[in-house]
Amino acid sequence: MTLTAHDDLVARTTSILDRLGVTAIDPDGDLAARSPVTGGDLVRVRSHSAAEVGEIVTAAHDAFLAWRETPAPVRGALVRELGLLLREHKADLGALVSVEAGKIRSEGLGEVQEMIDICDLAVGLSRQLTGLTIASERPGHRMMEQWHPLGVVGVISAFNFPVAVWSWNAALALVCGDPVVWKPSEKTVLTALACQALVTEAARRVGAPEHLSSVVLGTAEVGEALVDDHRVALVSATGSTRMGRAVAPRVAARFGKLLLELGGNNAAIVTPSADLDLTVRGIVFSAAGTAGQRCTTLRRVIVHASVADELCRRIAAAYGTLPIGSPLDDGTLVGPLIDAASYQGYADALDKARANGGTVLAGGERVLADEAADAYYVQPALVRMPTQSEIVQAETFAPILYVMTYGSADSTDPARDFDEALAMHNDVPQGLSSSVFTLNVREAERFLSAAGSDCGIANVNIGPSGAEIGGAFGGEKETGGGRESGSDAWRAYMRRATNTVNYSTELPLAQGVEFG
Ligand code: UN1
């Protein structure tokens, strides 16, 4: 296993940035773009001041005034062009995601595919932003609902989906008539600048107004300037629950709209009837894929006592064969953690799990430290826990899978056992994604029912990660309640107007009120 030499990586990155049209590289910039692949700095860029954020929001708001009156299907043409450019530059942008976020090649490319898919969805949507006609209680009256553009959308995104999360928001926002101002994670500034270069080129090609899309770079101060600006009608924030707790009250204080996509603590219930071959494959991808750094990563398995040992043995065996290393090498399945703090979180969580009576059945160690001292590669860890203790309740953004059991090996009441599993499943503060592995239709349907999983996403015989963009994406409880991407998630980016038209010669009042 060799890690790509850092100088090569810098050269590769610079030529990718060149091809994608990124011009914002500044050797004197205050922000270093770093690669978790080697742990070294790539290039430097300049961060924005709070005052500059204000100017950018002003320009975005000016663009809004023109864009909101542009017919939605014409707005769709911009997103269509963006989708074409993404297809053209998929290889480069996917590789840049791998370099900057440490995702393996197919996941870097998969992220760009997710962008292309949401562009397609948004283009179709640009002709389908439909409202309702509602029966009026008054004669000669018509009621209807219209959806109008909302205003500037502020997007805050995390390092782990450095391009797709922006696109879920931007593609919908742009067809809905809203400019976007994006504050990406300071850990993934280059991929953000690359997206910005592509959308700027798309706008130029279709003759759309300038400033429909902007990027603001920097740390918390820049984010706060964006979040506090009353012209930012919607703040769509993806990241940790801690970030959501900081952002939400500030936006609420000015009655701005919020779309929150925060932490997950996603589980799989594995029942006695589960197809274990399929279950193990589903679990290993969801738990170890993306080095455990998806908000949808599988973090808990709740398995029936009668199959627990067999399942653990099989997962441990699969973990033992996972190729860990440079995400740029073909064949690697587990790339690096994003940085040292992330590694510390992994190591601390494993210490706590052991202190809580957990047994590490597989993995749990840092690897490749001698090849790249500043990069953090770890073995995905499988930990058997006696109970769902405090550390299991927390989202640790690293590949740690906790296994708990339900029922008993000789149990005679499968329905009661399953309800015990469901109670355990829902007994965490987060509510993003979930899954059940079973061939029993009663269990599958109960899991999906009102008394089943309390998450925004609930799957049967599929792990909790890797959702398609056609569905609404998001979750409940500390996950924040927001929904992005498919279904009717577009409505969050528009304002609803209820209109009543009187085409009669009378003026009947609603509720039968007489007045004069
Ligand atoms: C995230 O980790 O922030 O369902 C989003 C999935 C991806 C999105 C994850 N489509 O895993």
Q.
In the structure I gave you, are the side-chain heavy atoms of Trp166 and Pro184 within less than 4.5 Å of one another anywhere?
A. no

Q: Indicate the atoms forming the closest heavy-atom contact of Cys195 with Val163, along with that distance.
A: SG-CG1, 3.4 Å

Q) Would a distance-only check, ignoring hydrogens and angles, find a side-chain to backbone donor-acceptor pair under 3.5 Å from Ser435 to Val460? A) no

Q. Rounded to the nearest 0.5 Å, how far does OG of Ser49 lie from CZ of Arg46?
A. 7.5 Å

Q) Passes side-chain contact (heavy atoms from CB on, under 4.5 Å), Val247 versus Val235? Steps please. A) CA-CA 9 Å; Val247 165; Val235 173; 4.0 Å; yes

(Q) Would you say Asn265 and Gln393 are linked by a side-chain donor-acceptor pair, where the criterion is simply a distance under 3.5 Å? (A) no

Q | Side-chain H-bond candidate by donor/acceptor type, Glu114 with Ser167, under 3.5 Å | A | no

Q. Is a donor on one side and an acceptor on the other found under 3.5 Å between the side chain of Thr297 and the backbone of Asn266?
A. no

Q. Can Asp277 and Arg314 be counted as an ion pair, charged N to O under 4.0 angstrom?
A. yes

Q) Quick one: are Val334 and Pro380 in side-chain contact, heavy atoms under 4.5 Å? A) yes

**Q.** Considering all heavy atoms, the nearest Ile104-Gly335 contact
**A.** CG2-N, 4.1 Å

Q) From Glu261 CD over to Leu432 CG, what is the distance, rounded to the nearest 0.5 angstrom? A) 6.5 Å

Q.
Are more than 12 heavy atoms, taken from residues, nucleotides or ligands other than Arg245, located less than 6.0 Å from that residue's CZ atom?
A. no

Q) Where do His89 and Glu201 land on the side-chain contact (heavy atoms from CB on, under 4.5 Å) test, with the steps shown first? A) CA-CA 12 Å; His89 294 284; Glu201 173 60 13; over 6 Å; no

Q: Please say whether more than 12 non-hydrogen atoms of neighbouring residues, nucleotides or ligands are located less than 6.0 Å from CD in Glu476.
A: yes

Q. Does the side chain of Gln196 pick up a donor-acceptor pair with the side chain of Ser213 at under 3.5 Å?
A. yes

Q. When rounded to the nearest 0.5 angstrom, what is the spacing between CG in Leu93 and CG in Leu85?
A. 11.0 Å

Q: Please report the shortest heavy-atom distance between Ser98 and Arg105, naming the atom on each side.
A: OG-CA, 3.8 Å

Q. So do the side chains of Pro149 and Met494 get within less than 4.5 Å of each other, counting heavy atoms only?
A. yes

Q | Option passing side chain to side chain contact (heavy atoms under 4.5 Å, CB included) with Cys312 (candidates Leu401, Val403, Val301) | A | Val403

Q | Sequence neighbours excluded - side chain to side chain donor-acceptor pair (under 3.5 Å) pairs with any residue from residues 215-229 | A | Asp228-Arg250, Asp229-Arg231

Q. Can any side-chain N or O of Tyr493 pair as donor or acceptor with the backbone N or O of Leu174 at less than 3.5 Å?
A. no

Q: Give a yes or no on this: more than 12 heavy atoms of other residues, nucleotides or ligands lie within 6.0 Å of atom CZ of Arg281.
A: no

Q: Would you confirm whether Arg204, through its side chain, and Glu210, through its main-chain N or O, come within 3.5 Å as a donor-acceptor pair?
A: no

(Q) Looking at Ile283, is its backbone amide N or carbonyl O close enough to the side chain of Ser286 to form a donor-acceptor pair, meaning the two atoms are under 3.5 Å apart? (A) no

Q. Can you tell me how far the CH2 atom of Trp168 sits from the CE atom of Met115, to the nearest 0.5 Å?
A. 11.0 Å

Q.
Quick check against the 3.5 Å criterion: does His6 have a side-chain atom that pairs as donor or acceptor with the backbone of Asp41?
A. yes

Q. Is there a donor-acceptor pair closer than 3.5 Å between any side-chain N or O of Asp26 and the backbone N or O of Val45?
A. no

Q: Kindly give the heavy-atom pair with the smallest separation between Ile338 and Pro36, and that separation in Å.
A: O-CB, 3.5 Å

Q) Of the non-hydrogen atoms in Ala33 and Val189, which two are nearest, and what is the gap between them? A) CB-CG2, 3.9 Å

Q | Axial cation check for Phe161 ring with Lys103, 6.0 Å and 45° limits | A | yes

Q) Which heavy atom of Asp339 sits nearest a heavy atom of Tyr376, and at what distance? A) C-CD1, 3.7 Å

Q | Residue Arg80 excluded, over 12 heavy atoms near CZ under 6.0 Å | A | no

Q.
Quick test of your reading of the model: are Arg300 and Glu395 salt-bridged, counting only N-O distances below 4.0 Å?
A. no

Q.
Nearest 0.5 Å, please: how far is CG in Leu96 from CD in Glu111?
A. 11.0 Å

Q) How far does CG of Leu350 sit from CD1 of Ile391, to the nearest 0.5 angstrom? A) 8.5 Å

Q: Indicate yes or no for a side-chain donor-acceptor contact from Thr332 to the backbone of Leu328 under 3.5 Å, with no hydrogens or angles considered.
A: no

